[in-house]
Chemist: 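Could you have a look at this structure, given as structure tokens, before my questions?
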Amino acid sequence: MAKAFFIDTTVCTACRGCQVACKQWKGLPAEKTVNRGSFQNPEDLSFTTLKLVRMSEAEIENKLHWLFFPDQCRHCIEPPCLEAAGEPKAIYKDKATGAVIYTKVTKDLDADAIIDSCPYNIPRKGPDGSLAKCDMCIDRVSNGKLPACVQTCPTGAMNFGDYKEMRMWAQARLAEVRRRFP
């Protein structure tokens, strides 16, 4: 059965535990960061940052609020990147989980076309021309474990499970939040 992430941004505190857990599990290096007037670091996703907690400020009901969004691949039901690749050995969708997986064969494709096909601007090109993005921790999920980002989330903002269950949970949570913030 297809799997899905449900991210409840109303309880995210931007601890960035998910961001660090992703790097640790994948063995990805840290990136040099600088203060740009935001707590968001690094500035954007990259070939070695597959998960990023985005931060913004917004005025809601005459109060300034910090808004956080853990950004990563959405593992689309019908992934445009898969169609743009046209090469099943480069990008494929795992039948058991629904995870959209990129392989090193992406280096032989038109990376810019694949990147442009993503409505969420997620894939990133590496120095060798191959593409990288979240792979839903397919190694963990295939062994009955949660993705590293979900496993480490202390507030319950990151959730993972069967697609239908996550969708029902998200709809129930949205109804609750709408009562609070009509």
Side-chain angles (χ1 to χ4, degrees), residues 2-9 12 14 16-31 33 36 38-56 67-142 146-153 157-161 163 166-167 170:
K3 303 290 185 186
F5 289 95
F6 163 51
I7 303 171
D8 186 346
T9 59
C12 179
R16 294 180 275 205
C18 57
Q19 196 172 303
V20 172
C22 177
K23 280 195 172 283
Q24 286 180 332
W25 184 255
K26 299 291 183 193
L28 299 171
E31 293 187 39
T33 60
R36 299 173 328 283
S38 167
F39 290 112
Q40 179 179 310
N41 260 314
E43 185 173 7
D44 201 0
L45 294 168
S46 73
F47 190 74
T48 60
T49 297
L50 310 179
K51 170 115 185 151
L52 176 71
V53 177
R54 297 199 182 274
M55 303 181 183
S56 62
L67 305 176
F68 312 121
F69 179 71
D71 198 9
Q72 67 191 56
C73 178
R74 309 313 195 268
H75 298 279
C76 300
I77 292 171
E78 294 182 30
C81 62
L82 182 62
E83 187 176 320
E87 168 57 55
K89 291 180 181 173
I91 301 175
Y92 67 94
K93 189 167 182 167
D94 180 65
K95 290 180 177 141
T97 63
V100 178
I101 308 296
Y102 283 26
T103 70
K104 292 182 180 189
V105 179
T106 57
K107 72 177 189 260
D108 300 327
L109 304 178
D110 182 352
D112 293 333
I114 294 168
I115 292 167
D116 289 345
S117 75
C118 179
Y120 305 106
N121 187 31
I122 299 296
R124 295 298 191 265
K125 188 170 19 175
D128 68 351
S130 65
L131 294 168
K133 63 163 200 63
C134 164
D135 67 1
M136 196 187 277
C137 282
I138 191 71
D139 53 341
R140 292 177 59 86
V141 173
S142 296
L146 290 171
C149 60
V150 176
Q151 180 70 42
T152 197
C153 182
M158 295 293 306
N159 301 276
F160 182 81
Y163 174 81
M166 291 296 105
R167 189 173 169 107

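Predicted model only: the values in this text are computed from it and were never measured.
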Chemist: State which residues pass ring pair (Phe, Tyr, Trp, His ring centres under 6.0 Å) with Phe47; sequence neighbours excluded, sorted by chain then number.
Modeler: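 With sequence neighbours excluded, Phe47 shows a ring pair (Phe, Tyr, Trp, His ring centres under 6.0 Å) to no residue whatsoever.
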Chemist: If you round to the nearest 0.5 Å, how far is CG of Asn159 from SG of Cys153?
Modeler: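 Interatomic distance, Cys153 SG to Asn159 CG, rounded to 0.5 Å: 7.5 Å.
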Chemist: Less than 4.5 Å apart, any side-chain heavy atom of Ile114 and any of Leu109?
Modeler: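 Touching, per the 4.5 Å side-chain cut-off.
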Chemist: Does the side chain of Pro147 reach to within under 4.5 Å of the side chain of Val141, using non-hydrogen atoms?
Modeler: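 Counting from C-beta outward, Pro147 and Val141 do come under 4.5 Å.
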Chemist: Just so I know, are the side chains of Leu52 and Gln19 near enough to count as touching, which here means a heavy-atom distance under 4.5 Å?
Modeler: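 A side-chain contact under 4.5 Å exists here.
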Chemist: Taking side chain as C-beta onward, heavy atoms only, is Glu43 less than 4.5 Å from Thr33?
Modeler: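 They are not in side-chain contact.
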Chemist: For residues Pro119 and Pro80, determine if any side-chain heavy atom of one lies less than 4.5 Å from a side-chain heavy atom of the other.
Modeler: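 Yes, close enough: below the 4.5 Å cut-off.
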Chemist: Which distance, rounded to the nearest 0.5 Å, do you find between the CG of Leu82 and the CD1 of Ile91?
Modeler: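 One finds 6.5 Å between CG of Leu82 and CD1 of Ile91.
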Chemist: Consider only side-chain N and O atoms of Asn41 and Arg16, and report whether a donor and an acceptor are under 3.5 Å apart.
Modeler: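 Absent: no donor and acceptor within the cut-off.
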Chemist: Taking only residues two or more places apart in sequence or in another chain, which ones pass ring pair (Phe, Tyr, Trp, His ring centres under 6.0 Å) with Phe5?
Modeler: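 With neighbours one apart ignored, the set is Phe160.
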Chemist: Any idea which heavy atoms bring Cys76 and Pro79 closest together, and the distance?
Modeler: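 Closest approach of Cys76 to Pro79, heavy atoms only: O-CD, 3.4 Å.
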Chemist: Quick one: which of Met158, Lys133, Lys23 gives a side-chain contact (heavy atoms from CB on, under 4.5 Å) with Lys51?
Modeler: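 Exactly one candidate clears the test, Met158.
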Chemist: For the residue pair Gly129 and Ala111, what are the closest heavy atoms and their distance?
Modeler: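 Here Gly129 and Ala111 meet closest at O-CB, 4.1 Å.
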Chemist: Indicate yes or no for a side-chain donor-acceptor contact from His75 to the backbone of Ala99 under 3.5 Å, with no hydrogens or angles considered.
Modeler: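 No; zero donor-acceptor contacts below 3.5 Å.
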Chemist: Counting neighbours of CD on Glu83 that are heavy atoms of other residues, nucleotides or ligands and sit closer than 6.0 Å, is the number greater than 12?
Modeler: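 No.
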Chemist: So, are Lys104 and Asp128 salt-bridged, with charged N and O less than 4.0 Å apart?
Modeler: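 Salt bridge absent between Lys104 and Asp128.
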Chemist: Go through the steps to decide whether Val100 and Cys81 satisfy the test side chain to side chain contact (heavy atoms under 4.5 Å, CB included), and finish with yes or no.
Modeler: CA-CA 9 Å; Val100 178; Cys81 62; 3.9 Å; yes
Chemist: Only one of Ile122, Leu131, Asp110 passes side-chain contact (heavy atoms from CB on, under 4.5 Å) with Ile115; say which it is.
Modeler: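 Result for side-chain contact (heavy atoms from CB on, under 4.5 Å) with Ile115: Leu131.
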Chemist: Does Arg54 pair with Asp71 as a salt bridge, N-O distance under 4.0 Å?
Modeler: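 Yes, charged N to carboxylate O under 4.0 Å.
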Chemist: Does Thr106 use its side chain to pair, donor to acceptor, with the backbone of Tyr102 at less than 3.5 Å?
Modeler: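 Not confirmed, Thr106 side chain does not pair with Tyr102 backbone.
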Chemist: Do the non-hydrogen side-chain atoms of Tyr92 and Thr103 ever get within less than 4.5 Å of each other?
Modeler: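 Yes - at least one pair of side-chain heavy atoms lies under 4.5 Å apart.
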Chemist: Which atom pair, heavy atoms only, marks the closest approach of Gly98 to Lys93?
Modeler: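 Smallest heavy-atom distance, with atoms named: O-CE, 3.4 Å.
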Chemist: Side chains of Arg140 and Trp25, heavy atoms from C-beta outward: is any pair under 4.5 Å?
Modeler: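 Answer yes - side chains close enough.
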Chemist: Just checking, any donor-acceptor pair under 3.5 angstrom between side chains of Thr48 and Glu31?
Modeler: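 Yes.
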Chemist: Which atoms form the tightest heavy-atom contact between Thr152 and Gly17, and what is the distance?
Modeler: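 Scanning both residues, the minimum pair turns out to be CG2-O, 3.3 Å.
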Chemist: What's the shortest heavy-atom distance between Thr49 and Pro42, and which atoms?
Modeler: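 Thr49 and Pro42 have their closest heavy atoms at OG1-CG, 3.9 Å.
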Chemist: How long is the span from the CE atom in Met136 to the SG atom in Cys149, to the nearest 0.5 Å?
Modeler: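 Met136 CE to Cys149 SG: 10.0 Å, rounded to 0.5 Å.
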Chemist: Restricting to non-hydrogen atoms, name the atom on Leu50 and the atom on Cys22 that form the minimum distance, rounded to 0.1 Å.
Modeler: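 Looking at all heavy atoms of both residues, the closest pair is CB-SG, 4.0 Å.
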Chemist: Between SG of Cys137 and CD of Gln151, what distance do you get to the nearest 0.5 Å?
Modeler: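 Reported value, rounded in 0.5 Å steps: 10.0 Å.
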Chemist: Any side-chain heavy atom of Val53 sitting closer than 4.5 Å to one from Gln40?
Modeler: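 No, their side chains stay 4.5 Å or more apart.
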Chemist: Between CG of Asp108 and OG of Ser130, what distance do you get to the nearest 0.5 Å?
Modeler: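 Reported value, rounded in 0.5 Å steps: 9.5 Å.
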Chemist: Nearest 0.5 Å, please: how far is NZ in Lys26 from CD in Gln24?
Modeler: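 So the CD of Gln24 and the NZ of Lys26 are separated by 13.5 Å.
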